[in-house]
Amino acid sequence: MLLAAALPAIGFAQTASESETKAVLQIAECLADGPPQDWQQLFMVIELPEAGSSSGRARYLVSSDFAPDPVPYIPCDGKKPAQILMDARSEQPAERRGWTGARLVIHRSGRFDLNYDYPK
């Protein structure tokens, strides 16, 4: 798929670590299975009840040419993409592992944004 071909070429230009970039590549394979053909951005939003939780809530959204506001969609698996990112925490530096929320946005161009929320 176009997305899988584009990400390896530009994925390392991100501010994400190498392990996060590998995780995003795995996640992208699943997220790119199911959105409308005219998709522009794919979103994965994870909310954890507390830092270090092993489970939480994951939502998947897509924006497209005809629906610029993100709408829910179902990727290849409702749990696998979020679990991949949560498993990648073990390779993050200790000060970055305690996140309670994560937002991954994959752009059709292959660029991605990965942001975390931390407790106050």
Side-chain angles (χ1 to χ4, degrees):
M1 185 164 246
L2 173 64
L3 178 65
L7 277 175
I10 62 175
F12 287 99
Q14 306 299 318
T15 58
S17 70
E18 185 174 341
S19 64
E20 288 170 324
T21 300
K22 285 181 185 179
V24 169
L25 290 172
Q26 292 176 331
I27 291 166
E29 289 178 18
C30 183
L31 295 185
D33 185 13
Q37 288 185 350
D38 66 335
W39 71 272
Q40 294 301 314
Q41 294 178 313
L42 303 173
F43 302 84
M44 179 177 73
V45 179
I46 300 173
E47 298 167 350
L48 302 177
E50 60 185 33
S53 292
S54 61
S55 64
R57 179 175 176 230
R59 294 181 292 136
Y60 305 97
L61 307 160
V62 61
S63 66
S64 65
D65 291 337
F66 297 108
D69 292 329
V71 296
Y73 89 104
I74 300 171
C76 74
D77 184 304
K79 295 181 181 179
K80 180 181 175 181
Q83 192 62 53
I84 291 169
L85 188 60
M86 290 174 53
D87 290 347
R89 285 184 295 193
S90 65
E91 296 184 36
Q92 290 179 312
E95 65 275 6
R96 293 189 60 201
R97 290 183 197 155
W99 52 267
T100 56
R103 288 174 311 288
L104 171 64
V105 180
I106 298 176
H107 304 267
R108 188 170 190 96
S109 68
R111 184 175 66 86
F112 69 87
D113 303 307
L114 180 57
N115 297 293
Y116 297 100
D117 296 324
Y118 294 91
K120 294 180 181 188

Minimum heavy-atom distance Leu61-Pro70, with the two atoms named: CB-CB, 3.9 Å
Does Tyr118 use its side chain to pair, donor to acceptor, with the backbone of Gly98 at less than 3.5 Å? no
Students often mix this up, so state it plainly: with edges at 30° and 60°, are the rings of Tyr60 and Tyr73 parallel, tilted or perpendicular? perpendicular
So salt bridge (charged side-chain N to carboxylate O under 4.0 Å, His left out) across residues 34-56, not counting sequence neighbours, yields Glu47-Arg57, Glu47-Arg59
Minimum side-chain heavy-atom gap Leu104-Asp113 below 4.5 Å: no
To the closest 0.5 Å, what do you measure between OG (Ser64) and CG (Asp69)? 10.0 Å
Under-4.0 Å salt bridge between Arg103 and Asp117: yes
Working note: Met86 + Leu48, criterion side-chain contact (heavy atoms from CB on, under 4.5 Å); need CA distance, chi angles, decisive distance, verdict. CA-CA 10 Å; Met86 290 174 53; Leu48 302 177; 4.0 Å; yes
Distance-minimising heavy-atom pair for Ser55 and Pro49: O-CD, 3.3 Å
Working to the nearest 0.5 angstrom, can you tell me the gap between His107 NE2 and Trp39 CH2? 9.5 Å
Please name the residue in the list Leu31, Ile27, Asp33 that meets the side-chain contact (heavy atoms from CB on, under 4.5 Å) test with Pro75. Leu31
Hey, does Tyr116 have a side-chain heavy atom less than 4.5 Å from the side chain of Leu85? yes
Can you tell if the side chain of Ile106 reaches within under 4.5 Å of the side chain of Gln41, non-hydrogen atoms only? no
Please examine the side chains of Ser63 and Pro68, heavy atoms only from C-beta on, and report whether any two atoms are closer than 4.5 Å. no
Pairs where residues 74-95 contributes a residue and the test ring-ring contact (aromatic ring centres under 6.0 Å, His included) is met, not counting sequence neighbours: none
Is there side-chain contact between Pro36 and Val62, with heavy atoms separated by less than 4.5 Å? yes
Going by salt bridge (charged side-chain N to carboxylate O under 4.0 Å, His left out), name the pairs with one or both residues in residues 72-99, residues two or more places apart or in two chains. Glu20-Arg96
